[in-house]
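For reference, the structure discussed in these notes is given below.
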Amino acid sequence: QVQLVESGGGLVQPGGSLRLSCAASGRIFSIAAMGWYRQAPGKERELVAAITSGGSTNYADSVKGRFTISRDNAKNTVYVQMNSLKPEDTAVYYCNADVTWYSAGHYLQETYWGQGTQVTVSS
């Protein structure tokens with residue numbers, strides 16, 4: 001089994017910064033891609049940023065230039081540095097990972113989600 005554990009959420013003022021971390025643990029063989037999604041009340045869950053094991057990145061238009069995603073493959077951890085935060089960034093942020101793991105002599109490729117961490121941007 002694989003688990004994703006997020007950390008780094010909290011309350012910040014507009015213009016402030018946060019860094020979210022997500023660590024994957026378990027019998028992991030490889031992680032093809034990791035990313036962050038967010039969901040605000042009354043809205044659909046949306047992609048914030050994603051990164052492949054090779055370092056290719058993808059960002060939502062609303063966060064380009066403000067957020068930076070990075071990945072430490074050795075630690076199976078993904079980060080997103082969030083700068084110049086705006087009230088509209090307020091949401092629950094979910095870590096996502098496409099994981100290949102080993103169990104009972106087989107490799108299994110599955111998508112995992114973290115439980116979410118609250119980010120609130122308010123004055």
>> Does any part of the side chain of Asn96, heavy atoms only, come nearer than 4.5 Å to the side chain of Tyr112, both counted from C-beta?
In response: no

>> If the threshold is 4.0 Å, N to carboxylate O, is there a salt bridge linking Asp89 and Lys86?
In response: no

>> Is it the case that the side chain of Thr77 and the backbone of Lys75 share a donor-acceptor pair, with hydrogens and angles ignored and the cut-off at 3.5 Å?
In response: yes

> Can you check side chain to side chain contact (heavy atoms under 4.5 Å, CB included) on Cys22 and Val5, steps first, answer last?
Replying inline: CA-CA 5 Å; Cys22 173; Val5 179; over 6 Å; no

>> Are Ile31 and Arg71 packed together at the side-chain level, in the sense that at least one heavy-atom pair is separated by less than 4.5 angstrom?
In response: yes

> Within a reach of under 6.0 Å around CD of Gln115, are more than 12 heavy atoms found that belong to other residues, nucleotides or ligands?
Replying inline: no

>> We want to know whether Arg27 and Tyr102 form a side-chain donor-acceptor pair, criterion being a heavy-atom distance below 3.5 angstrom.
In response: no

> What is the minimum heavy-atom distance between Leu85 and Leu18, and which atoms define it?
Replying inline: CD1-N, 3.8 Å

> Relative to the ring of Tyr94, is the ring of Trp113 parallel (under 30°), tilted (30 to 60°) or perpendicular (over 60°)?
Replying inline: perpendicular

> Is Ile28 reachable from Ile51 through a run of hydrophobic residues whose side-chain heavy atoms are each under 4.5 Å from the next?
Replying inline: yes

> Crowded around Glu44 CD? As in, over 12 foreign heavy atoms under 6.0 Å?
Replying inline: no

> Which heavy-atom pair separates Ala24 from Leu4 by the least distance, and what is that distance?
Replying inline: CB-CD2, 3.4 Å

> Just how far is it from atom OG1 of Thr100 to atom CG of Leu108, taken to the nearest 0.5 Å?
Replying inline: 8.5 Å

> How far does CG of Asn58 sit from OG1 of Thr52, to the nearest 0.5 angstrom?
Replying inline: 10.5 Å

>> side-chain hydrogen bond (donor to acceptor under 3.5 Å, both in side chains) for Tyr37 and Arg45? Distances and angles first, verdict last.
In response: CA-CA 7 Å; Tyr37 291 71; Arg45 186 174 298 186; over 6 Å; no

>> For a quick check under 3.5 Å, do Ser17 and Asn83 share a side-chain donor-acceptor pair by atom type?
In response: yes

>> For a quick check under 3.5 Å, do Tyr79 and Trp36 share a side-chain donor-acceptor pair by atom type?
In response: no

>> Please report the interatomic distance OG1(Thr68) to CE(Met82), rounded to the nearest 0.5 Å.
In response: 11.5 Å

>> For the CG atom of Leu20 and the SG atom of Cys95, what is their distance to the nearest 0.5 Å?
In response: 9.5 Å

> Is a side-chain N or O of Thr90 found less than 3.5 angstrom from the main chain of Val121, in a donor-acceptor match?
Replying inline: yes

> Is the distance between the ring centroids of Tyr107 and Phe29 under 6.0 Å?
Replying inline: yes

> Where do Pro14 and Ser123 come nearest, in terms of heavy atoms and distance?
Replying inline: CD-N, 3.6 Å

>> Please find the pair of heavy atoms, one from Ser103 and one from Trp101, that lie closest to each other, and give the distance.
In response: CB-CZ3, 3.2 Å

>> Is there a continuous path of hydrophobic side-chain contacts, each under 4.5 Å between heavy atoms, that joins Val92 to Val78?
In response: no

>> Please check if the number of heavy atoms outside Glu110 that lie under 6.0 Å from its CD is greater than 12.
In response: yes

> When rounded to the nearest 0.5 angstrom, what is the spacing between CZ in Arg38 and OG in Ser62?
Replying inline: 4.5 Å

> Going from OG on Ser70 to CD on Gln81, what distance comes out if it is rounded to the nearest 0.5 angstrom?
Replying inline: 8.5 Å

>> For the backbone of Gln109 and the side chain of Asp98, can you confirm whether one donor and one acceptor N or O come within less than 3.5 Å of each other?
In response: no

> Of the non-hydrogen atoms in Ile69 and Gly35, which two are nearest, and what is the gap between them?
Replying inline: CD1-CA, 4.2 Å

